[in-house]
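In what follows, chains carry the letters A, B, and so on, assigned in the order in which the sequence lines appear, proteins first and then strands, with residues in each chain numbered from 1. Given the structure is predicted, the values throughout are model-derived calculations rather than measurements.
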Number of protein chains: 2
Amino acid sequence: MKKVAVINSSETCQTRIVAIKDAMEILSGKWKFHIIGTLIHGEKLRFMELLREVDGIGAKMLSKELQDLEMNHLVSRTVLNTKPATVEYQITDFGKSLAPIIDEIAKWGIAYRNFVYTNS
Amino acid sequence: MKKVAVINSSETCQTRIVAIKDAMEILSGKWKFHIIGTLIHGEKLRFMELLREVDGIGAKMLSKELQDLEMNHLVSRTVLNTKPATVEYQITDFGKSLAPIIDEIAKWGIAYRNFVYTNS
DNA sequence: CAGGATCCTTTACGATACTG
DNA sequence: CAGTATCGTAAAGGATCCTG
């Protein structure tokens, strides 16, 4: 009984560590959260629109990050047959499940500012 | 009235972006969450203990990350006058405010696994 | 318009050896 | 014990030019 409990708790802990590693691997980098945040906000954006809205990013980075996000099922990509071709990016339903994380991070970032400001 | 609303929402949006940038700057890297998680779990750990508990990290990285975290008020460092000197690291109260973020990320990491597993 | 190719700079990270 | 110094590699990020 005790043994089972220990094993379970150990497994839970390992699971958490692996889960955090997974998540960070997918979400790491300078731009992921900005892109996702932008897409959650304004569904269906074209490449150029994202390039403008995600402040400071370059075309290469945006392209690469979008591919990553698409590969991980967080963003969908639709090519419209116009000419010249336009492409629409959209957050997936699963991608939307990141909203709570982004909210928490934003909240904490604000709290951090207040804290540093108050204690300096 | 409309104008005020727009300005407010724009300011709020900017604030969020900056907050996320702040937070990610402080929390980015391969090890921050693991170290913080470990310290939240088991208050008062020495350098060597952390080196053992944070799986895979090297002394140089640990040292540098701890300095970062201390500088950002997330971790406190206490030198005990024993010989040879031992040092205790401890999460600060403010550092503990990261717990919700870590929880959300861990939750999401698990959900991600399930999602990918189910859709593949 | 949407991006790939190329080249370059800068960080991140890691192994090893060494010191108070 | 708790680090620092040094060196080296790999990955991230960016500027510019080019193409269907």
**Message:** Are there over 12 heavy-atom neighbours, none belonging to Glu25(B), within less than 6.0 Å of that residue's CD?
**Reply:** no

**Asked** Which parts of nucleotides 4-18 of chain D does protein reach within less than 4.0 Å, heavy atoms only, written one letter per nucleotide 5' to 3' as B for base, S for sugar-phosphate only and - for none?
**Response** S-BB-----BBB---

**Request:** Please report how far the helix from dC1(C)-dG20(D) to dG20(C)-dC1(D) bends, comparing the axis fitted to its first five pairs with the axis fitted to its last five, to the nearest 10 degrees.
**Result:** 50°

**Request:** Apply side-chain hydrogen bond (donor to acceptor under 3.5 Å, both in side chains) to Trp31(A) and list each qualifying residue two or more places apart in sequence or on a separate chain.
**Result:** none

**Message:** Holding to side-chain hydrogen bond (donor to acceptor under 3.5 Å, both in side chains), I want the full list of residues that pass it with Arg113(A), two or more places apart in sequence or in another chain.
**Reply:** Asp22(B)

**Complete:** From CG of Leu50(B) across to C1' of dC1(D) the rounded distance in Å is 13 Å

**Prompt:** CG of Leu45(A) versus P of dG3(C): gap in Å, rounded?
**Reply:** 13 Å

**Request:** Give the ring-plane orientation class for Phe47(B) versus Tyr89(B), where under 30° counts as parallel, over 60° as perpendicular and anything between as tilted.
**Result:** tilted

**Prompt:** For Ile102(B) and Gly37(B), which heavy atoms make the closest approach, and how far apart are they?
**Reply:** CD1-N, 4.3 Å

Distance-only check: which donor-acceptor pairs under 3.5 Å involve side-chain atoms of residues 58-66 of chain A, not counting sequence neighbours?
none

**Asked** What residues form a side-chain hydrogen bond (donor to acceptor under 3.5 Å, both in side chains) with Asp68(B), not counting sequence neighbours?
**Response** none

**Sidechain-backbone polar pair: Thr92(B) side chain, His73(B) backbone, donor-acceptor under 3.5 Å** = yes

**Complete:** Nearest heavy-atom contact between Ala23(B) and Gly109(A) is CB-CA, 4.2 Å

**Distance-minimising heavy-atom pair for Arg77(A) and Val87(A)** = CG-CG1, 3.6 Å

**Item:** Under the side-chain hydrogen bond (donor to acceptor under 3.5 Å, both in side chains) test, residues paired with Ser76(A) that sit two or more places apart
**Value:** none

**Prompt:** Can you list every pair that meets side chain to side chain donor-acceptor pair (under 3.5 Å) and has a residue in residues 44-55 of chain A, with sequence neighbours left out?
**Reply:** none

**Request:** With a 4.0 Å heavy-atom cut-off, tell me which residues in residues 34-42 of chain B come close to DNA chain C, sorted by residue number.
**Result:** none

**Asked** How many Å lie between CG on Leu66(B) and C1' on dA2(D), as a whole number?
**Response** 11 Å

**Residues within residues 69-89 of chain A bordering DNA chain C, heavy-atom distance below 4.0 Å** = Arg77(A), Pro84(A), Ala85(A), Thr86(A), Val87(A), Tyr89(A)

**Prompt:** Can you check whether Ser28(B)'s main-chain N or O pairs, donor with acceptor, with Lys32(B)'s side chain at less than 3.5 Å?
**Reply:** yes

**Asked** What residues in residues 18-27 of chain A put a non-hydrogen atom under 4.0 Å from any atom of DNA chain C?
**Response** none

**Item:** Shortest non-hydrogen contact from Thr118(A) toward Asn114(A)
**Value:** OG1-O, 2.5 Å

**Request:** Please identify each residue that fulfils ring-ring contact (aromatic ring centres under 6.0 Å, His included) with His34(A), with sequence neighbours left out.
**Result:** none

